[in-house]
Amino acid sequence: MKSKHNVLIFIPSLIGTLVLFGWLLDIEILKRPRVSMVAMNPMSALSFVFIGFALYLNLNRADSSKSRIVVRSIALFVLFVGLTKLYSIISGFDLGMDKVLFSDKIAKDIIRGIPNRMAPNTAFDFVVLGSAVFLSSYRKEVLSSISNYLCILVLLIGLFSVIGYVYQVQEFYGILSYIPMAIHTAVSFIFCSFALLLINGHSGFMKVFTSKSSGGILARVLIPFLIIVPVLFGYIRIYLNRLNPVSLELGVGFLMTGIILTFFVLVWFVANQLEKSDIARTDAERKLSELNHELERLVNSKTMDLFKSENRFRTILEQFPYPVLTYDPQGVCTGTNFAWEEMWNTRRDVLVDYNILKDPQIKEAGFFPFVEKAFGGEPAISEPFLYDPKLIGSSGRDRWLQMVLYPVKNTAGNILEVIVVHQDITASKEAENEIRLLNNELEERVKVRTEQLVLANKELESFSYSISHDLRAPIRGISGFTQILMEDYGVNFDAEGKRIIGKIIENAKQMGQLVDDLLEFSRLGRTELAEREISMKELAVTVYKELINLESGREIRFEIQDIPNVRADQPAVRQLWVNLISNAIKYTKKTGSPLIQIGFTESKEGTVFYVKDNGAGFNMQYYNKLFGVFQRLHSNADFEGTGVGLAIVKRIASRHGGNVWAESKEGEGATFYFTLPGQDPKLK
């Protein structure tokens with residue numbers, strides 16, 4: 001609908017714009033339809049452009065306060081233009097409002113010896129139309145109704161002017177000796193007033209014309225004919241009289257006959273449409289009556305189905321194994337089932353006038369928010385709570401309950417009732433309490449046993465440290481005295497004696513290394529870890545250089561990646577690198593082209609470091625012995641060692657919350673992996 005209104009609004013704005021271009025470019029056809037006709041005054045053209053814009057805003061931007069201000073400003077401007085011209089005509093003092101635009105060209109546009117001016121009826125229409133637009137901008141019923149009456153006045157003046165041009169009756173479009181209203185000015189007034197009437201279609205008499213009722217449709221059909229038909233036949237009568245003059249009576253007779261016949265056809269057409277409408281309405285009433293009978297039948301059928309459904313629901317409710325209660329929207333209990341009577345050892349009569357929304361136990365137990373949620377329209381499941389049935393007069397014992405609440409609604413979303421299912425969890429709750437007591441007792445026992453185990457571990461570590469420390473002195477004595485014996489009396493021993501003494505020194509040295517490893521292993525279990533950021537690559541390279549310096553004459557290819565830093569205890573991590581790299585150096589001594597590689601990979605456990613060699617390797621069948629104390633997979637004759645180094649590596653990784661593992665194939669080298677995700681506080 002708005003698009004049609006916008007077309008009406010666009011026409012006067014277009015006419016005004018074309019006229020302004022005509023004055024600007026001296027194009028006569030744009031200023032006046034015919035050379036003999038009056039040209040539209042430029043100020044009138046500008047006013048139509050502004051009014052068109054105001055009507056557009058009034059229609060499409062009615063809710064905007066800025067748009068309403070613009071509309072009222074334009075209306076006041078147009079009103080001022082009209083009033084100024086009327087004042088000039090009445091007072092005889094020309095204010096020159098209609099000579100503001102193109103004054104030189106207007107002075108040369110002479111009509112009947114008078115330069116182009118705004119006609120008095122044009123000025124009057126601008127006053128009325130400006131007032132109508134101003135009142136319409138307030139969007140109030142009374143003001144819009146007044147605006148409609150003003151528009152009718154503008155419309156009539158415009159129609160009279162057009163009829164005057166059609167019938168060539170100057171009195172219709174001109175006043176006395178003043179310049180008459182231009183025909184395109186009259187057309188523009190007609191479109192403007194008609195568009196404003198449609199914009200105000202919700203107010204005053206326009207309600208009838210814009211309604212969707214039969215009266216509104218009939219009015220919209222008849223109004224155009226009421227205007228066009230008399231004007232058309234009047235023009236035909238004048239035209240025919242000019243061709244062949246006849247008497248006044250005969251001409252009027254022909255005119256009336258044509259108008260009567262035309263309106264007869266129009267009345268027949270309207271009556272025919274109304275008859276069709278009445279037939280359609282009668283048919284609709286008949287069908288409506290049939291539908292009502294069918295609806296009554298369906299209602300009766302649905303009522304019976306509802307009765308059956310209600311009985312079925314009550315039967316299921318009664319046989320349901322869990323206690324079920326129903327409540328009205330106000331919280332009053334409306335029924336329960338046999339399972340509820342069995343649980344509480346009472347009759348359902350005790351629930352008369354019981355209101356769940358007023359139960360103090362439910363409020364004290366903290367269950368009330370769940371009840372409110374259900375009666376607010378949302379399903380709810382309560383937390384378990386202990387309920388004393390004495391409030392409802394039951395002799396049953398206290399029980400732990402968990403309730404499921406479900407609101408039943410109609411199609412409009414209103415609550416019809418709330419269904420509450422009781423779940424008796426007393427047995428599970430009592431069992432839970434027993435389990436909790438047993439857990440507490442078990443935790444106490446575990447705590448005592450843990451304290452005993454910690455004490456035993458400390459005593460064992462102290463014992464290991466004492467034994468290892470006390471063994472140092474005899475071992476040093478054996479080694480020292482054997483060395484003296486060899487130095488002072490070695491010339492007296494034959495080859496077998498010297499070999500035996502060499503074995504004693506070698507075994508004493510190995511025993512000393514074993515004691516040192518045991519002390520280191522014991523120390524790792526007792527010392528606190530001091531975490532700091534460690535450059536793993538720098539530390540590994542330093543350890544390798546220190547160890548390879550002890551291997552005179554060996555050429556080993558050493559490769560290391562840009563392994564990331566970690567946060568850990570530096571002495572412990574250094575010992576870990578020493579043990580793993582020394583193992584790689586030791587077990588590659590029989591390899592032709594020894595290679596040691598150090599790198600890292602990323603996994604779901606984090607950063608995994610590895611030390612890989614191409615040495616002797618080991619049999620994965622004995623992997624479970626690899627990280628145990630005193631566990632060795634090679635003989636001492638092949639590769640010397642104490643069997644404690646990898647156990648130390650495992651303890652260092654474990655103390656930091658990490659892990660260590662290995663992969664190998666006998667004769668093809670071995671790869672040792674370890675992670676250091678951080679210090680484990682449990683092992684501090």
Side-chain angles (χ1 to χ4, degrees), residues 11-24 26 28 30-54 74-134 150-151 153-162 164-165 170-193:
I11 291 174
S13 296
L14 177 62
I15 293 173
T17 303
L18 292 175
V19 169
L20 288 175
F21 273 110
W23 282 103
L24 178 64
D26 290 326
E28 289 296 321
L30 296 181
K31 292 191 289 184
R32 68 194 93 224
R34 295 175 62 182
V35 177
S36 60
M37 289 185 174
V38 178
M40 182 188 294
N41 186 270
M43 185 55 69
S44 299
L46 180 63
S47 298
F48 283 125
V49 173
F50 283 163
I51 289 175
F53 181 63
I74 292 175
L76 291 175
F77 169 77
V78 173
L79 182 62
F80 175 74
V81 170
L83 287 174
T84 303
K85 182 59 183 177
L86 289 178
Y87 175 78
S88 299
I89 295 172
I90 294 170
S91 65
F93 180 72
D94 190 3
L95 297 176
M97 177 57 69
D98 50 356
K99 295 187 291 184
V100 173
L101 299 176
F102 309 108
S103 57
D104 295 338
K105 296 181 179 180
I106 288 176
K108 297 176 182 179
D109 189 48
I110 306 299
I111 303 294
R112 298 174 188 173
I114 302 172
N116 186 286
R117 295 288 185 271
M118 183 183 294
N121 46 354
T122 301
F124 179 76
D125 266 6
F126 276 133
V127 171
V128 178
L129 184 59
S131 302
V133 173
F134 184 82
L150 296 176
C151 287
L153 180 58
V154 175
L155 182 63
L156 289 175
I157 294 173
L159 283 173
F160 266 93
S161 298
V162 172
Y165 276 105
Q170 184 178 348
E171 288 76 12
F172 276 28
Y173 58 85
I175 298 176
L176 301 177
S177 61
Y178 294 102
I179 292 178
M181 180 187 294
I183 186 170
H184 41 329
T185 301
V187 171
S188 297
F189 277 126
I190 292 172
F191 278 107
C192 286
S193 57

**salt bridge (Lys or Arg N to Asp or Glu O under 4.0 Å) contacts in which one or both residues fall within residues 182-192, not counting sequence neighbours** = none
Can you name the nearest heavy-atom pair linking [X] to [Y], along with the distance?
{"X": "V81", "Y": "S47", "value": "CG1-OG, 4.3 Å"}
{"X": "S131", "Y": "L150", "value": "CB-CD1, 4.0 Å"}
{"X": "N121", "Y": "S161", "value": "ND2-OG, 4.2 Å"}
{"X": "I190", "Y": "V162", "value": "CD1-CG2, 3.7 Å"}
{"X": "G158", "Y": "D125", "value": "N-OD2, 4.3 Å"}
{"X": "C151", "Y": "S193", "value": "O-CB, 3.5 Å"}

**Message:** Can you list everything that forms a ring pair (Phe, Tyr, Trp, His ring centres under 6.0 Å) with F134? Sequence neighbours excluded, please.
**Reply:** Y138
Listed pairs under 3.5 Å, donor-acceptor, residues 96-106 side chains, sequence neighbours left out:
unit_1	atom_1	unit_2	atom_2	d
D98	OD2	K85	NZ	2.8
D98	OD2	M118	N	3.0
K99	NZ	D94	OD2	3.3
K105	NZ	W23	O	2.8
K105	NZ	L24	O	2.9

**Approximate separation, where rounding is to 0.5 Å, of I89 CD1 and L95 CG** = 11.0 Å
**Euclidean distance, L30 CG relative to M40 CE, rounded to 0.5 Å** = 11.5 Å
**Message:** Aromatic contact between F126 and F48, with the criterion being ring centroids under 6.0 Å apart: yes or no?
**Reply:** yes
**Prompt:** Who pairs with L156 by side chain to side chain contact (heavy atoms under 4.5 Å, CB included), at least two apart in sequence or on another chain?
**Reply:** I152
**Request:** Taking side chain to side chain contact (heavy atoms under 4.5 Å, CB included) as the test, write out the residues that go with F50, two or more places apart.
**Result:** L46, I74, F77
**Prompt:** Below 4.5 Å, heavy atoms only, C-beta onward: do C192 and V154 meet side chain to side chain?
**Reply:** no
**Message:** Measuring only between side-chain heavy atoms, which start at C-beta, is V133 closer than 4.5 Å to V78?
**Reply:** no
**Prompt:** Of I157, T122, L155, which is the lone residue that meets side-chain contact (heavy atoms from CB on, under 4.5 Å) with F189?
**Reply:** T122
Sequence neighbours left out, cut at 3.5 Å: what donor-acceptor pairs do the side chains of residues 181-188 make with other protein atoms?
unit_1	atom_1	unit_2	atom_2	d
H184	NE2	K31	O	2.7
S188	OG	H184	O	2.8

